[in-house]
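The residues of the chain are indexed from 1 along the displayed sequence.
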Amino acid sequence: MTKIFNKLLLAGVSTCLLSNLAFAQETTCYKNGIEKPSLIENVALDGGICNSKLSLNDMKNSGWDVLDIKINSAQNKFNYTYLFTKSTGNQKVDNNIILKTSIDEPVTQNNKEFSIKPMGLKLGKIENNKSVIPMGNLIIGQTGIVIHIFEKDRRLIVSNAKVVSSDSNSSVVEFFEFNDLKQEAIPTSNRVAVTNDILILNYMYNSSLLIAPTLDAFQNVRENFKLNNFIHSDIFAAKLKVDHNPYPTKEDIQKFAIEQNLGTIFMVIENKVFVIDAKTFTILASYAINYENATATMPFYTRVEEIEESIFNLSYFDFFSGKKSLSYNDYYKKILGIK
């Protein structure tokens with residue numbers, strides 16, 4: 001059962017990583033017969049762009065990110081294979097929106113960089129459930145996952161991680177429980193993040209839930225953000241209908257996104273689209289967007305009709321009690337805590 005569990009988690013990670021490579025360079029380098037793991041960072045790697053000239057540190061200094069690592073052992077020596085990725089730059093889309101895979105100017109509310117591409121690196125020392133990583137200008141609330149690699153290339157997601165502080169040179173990540181692929185019938189591991197585990201930031205950021213007021217706004221966002229795979233809002237609306245819940249709260253939206261293994265939530269409010277981390281509900285970025293003005297529908301654009309409230313719903317006590325006459329824009333402004 002444990003092997004099945006590992007394969008399921010690895011499949012999820014592979015989907016995330018491979019789907020984000022569409023607009024990036026990639027190369028594979030390797031080195032066999034390393035006597036000690038501590039030697040791998042400075043020895044010249046073979047194959048690919050490395051070509052027996054560039055080391056792991058040289059690649060990182062040249063702007064390459066480690067996307068995946070494969071380690072095998074034989075005769076008390078180690079064989080390493082690295083999959084590197086490097087952004088090709090900004091991807092132009094319609095209406096002058098740029099979805100950045102490398103940022104030239106800050107666009108987020110806290111002047112940090114936003115990207116949907118996954119970024120991988122090895123964890124260093126861990127103290128008090130936190131670790132300092134050599135990657136700066138990250139967004140507070142940005143998240144990722146931690147992967148532990150066993151012998152024979154078996155892998156396991158052991159933790160979530162979120163950025164809790166960041167400056168121009170480094171950031172601090174804090175670890176919290178990974179329960180995205182929760183399945184009661186499959187055993188889970190008690191492992192936690194440890195030194196040398198692999199941190200993958202922006203896990204599933206290219207898989208998103210889209211909440212928009214009208215069909216035109218919905219289509220406009222999907223057209224402009226072609227790097228993202230959007231789950232249709234009808235699926236979320238169908239769940240709301242089954243649950244007799246026409247007024248989704250922040251918790252409802254967040255729970256649905258996590259259960260569907262989505263990394264980001266896109267919300268169109270007035271003339272902006274907000275990009276939100278599904279796990280921390282942090283606003284990662286916001287972009288101006290134009291769409292045809294029309295009467296907004298509640299709870300959002302969907303072809304699912306008549307989402308009725310249950311007579312047993314204790315909505316009198318909930319966050320939006322007395323606020324159900326709010327317009328679409330005011331309703332979602334309240335959820336995001338913006339004015």
Exercise. Keeping the roles fixed (side chain from Asp216, backbone from Glu292), state whether a donor-acceptor pair exists under 3.5 Å.
Key: yes

Quiz item: Short question: side chain of Tyr30, backbone of Gly48 - any donor-acceptor pair under 3.5 Å?
Solution: no

Quiz prompt | Any Leu336 side-chain heavy atom under 4.5 Å of Phe281 side chain | solution = yes

Exercise. Would you verify whether the NZ or CZ of Lys162 falls within 45 degrees of the ring axis of Phe176 while also being under 6.0 Å from that six-membered ring's centre?
Key: yes

Practice problem: Side-chain contact test, heavy atoms from C-beta onward, threshold under 4.5 Å: evaluate it for Val173 versus Leu199 and give yes or no. | Solution: yes

Self-check item: Salt-bridge criterion met for Lys60 and Glu41 (N-O under 4.0 Å)
Solution: no

Quiz item: Is there side-chain contact between Ile253 and Ile265, with at least one heavy-atom pair below 4.5 Å?
Solution: yes

Quiz item: Without hydrogens or angle criteria, can the side chains of Asn245 and Asp252 be said to hold a donor-acceptor pair below 3.5 Å?
Solution: yes

Quiz item: Between atom CH2 of Trp64 and atom CG of Leu56, what is the distance when rounded to the nearest 0.5 Å?
Solution: 13.0 Å

Quiz prompt | Ring-ring centroid check Phe300 Phe236, cutoff 6.0 Å | solution = yes

Quiz item: So, for Tyr332 and Pro299, which heavy atoms are closest and what is the spacing to 0.1 Å?
Solution: OH-O, 2.8 Å

Self-check item: Heavy-atom pair of closest approach, residues Ser171 and Met135
Solution: OG-O, 2.5 Å

Exercise. Any chance you could measure Leu54, atom CG, to Cys29, atom SG, to the nearest 0.5 Å?
Key: 7.5 Å

Quiz item: Could you give the distance from OG (Ser55) to CG (Leu45), rounded to the nearest 0.5 Å?
Solution: 6.5 Å

Quiz item: Does a side-chain heavy-atom distance below 4.5 Å link Lys31 with Ile40?
Solution: yes

Practice problem: For residues Lys125 and Ser131, report the shortest heavy-atom separation together with the two atoms involved. | Solution: O-OG, 3.0 Å

Quiz item: Have Ser208 and Asn228 got a donor and an acceptor in their side chains that come within less than 3.5 Å?
Solution: yes

Quiz item: Do the ring centers of Phe266 and Phe225 come within less than 6.0 Å of each other?
Solution: yes

Quiz item: Can you find a heavy atom in the side chain of Ile133 that is under 4.5 Å from one in the side chain of Leu138?
Solution: yes

Quiz item: So, do Met267 and Val273 sit near enough that their side-chain heavy atoms are less than 4.5 Å apart?
Solution: no

Practice problem: Nearest 0.5 Å please: distance from the CZ atom of Phe84 over to the OG1 atom of Thr28. | Solution: 9.0 Å

Quiz item: Closest heavy-atom contact between Ala217 and Val268?
Solution: CB-CG1, 4.3 Å

Quiz prompt | Lys334/Asp330 salt bridge by N-O under 4.0 Å criterion | solution = no

Quiz item: Yes or no on salt bridge (charged side-chain N to carboxylate O under 4.0 Å, His left out) for Lys333 and Glu270, after CA distance, side-chain angles and deciding distance?
Solution: CA-CA 9 Å; Lys333 281 181 178 179; Glu270 293 181 338; 2.9 Å; yes

Exercise. Indicate whether the side chain of Asn220 and that of Asn290 have a donor and an acceptor atom separated by less than 3.5 Å.
Key: no

Quiz item: What is the ring orientation for Tyr80 with Tyr82, classed by angle as parallel under 30°, tilted 30 to 60°, or perpendicular over 60°?
Solution: parallel

Quiz item: Below 4.0 angstrom, N of the basic side chain to O of the carboxylate: do Glu223 and Lys226 qualify?
Solution: yes

Quiz item: Do the side chains of Ile276 and Ile231 join up, straight or via other hydrophobic residues, at under 4.5 Å, putting them in one cluster?
Solution: yes

Quiz item: So, Ser166 side chain and Asn137 main chain: donor-acceptor pair closer than 3.5 Å or not?
Solution: yes

Quiz item: Does any donor atom in the side chain of Lys279 or Asn160 lie under 3.5 Å from an acceptor atom in the other side chain?
Solution: yes

Exercise. Answer yes if the side chains of Asp46 and Ser52 hold a donor-acceptor pair under 3.5 Å, and no otherwise.
Key: yes

Quiz item: Does the side chain of Tyr205 come under 3.5 Å of the side chain of Asp277 through a donor N or O and an acceptor N or O?
Solution: yes

Quiz item: Under the criterion side-chain contact (heavy atoms from CB on, under 4.5 Å), which of Val221, Asn206, Leu209, Leu262 is the partner of Phe230?
Solution: Val221

Quiz item: Donor-acceptor pair, Asn202 side chain versus Met119 backbone, under 3.5 Å?
Solution: no

Quiz prompt | Nearest-0.5 Å distance that lies between atom CG in Leu215 and atom CZ in Arg303 | solution = 9.0 Å

Quiz prompt | Minimum side-chain heavy-atom gap Arg154-Ile149 below 4.5 Å | solution = no

Quiz item: Any salt bridge between Lys122 and Asp197, counting N to O under 4.0 Å?
Solution: no

Quiz item: If we only count heavy atoms from C-beta on, is the Ile211 to Phe218 side-chain gap below 4.5 Å?
Solution: no

Quiz prompt | Distance, nearest 0.5 Å, that separates OG1 of Thr27 from CE of Met59 | solution = 6.0 Å

Quiz item: Under 6.0 Å between the ring centres of Phe150 and His148?
Solution: yes

Quiz item: Are the side chain of Asn169 and the backbone N or O of Gly136 linked by a donor-acceptor pair below 3.5 Å?
Solution: no

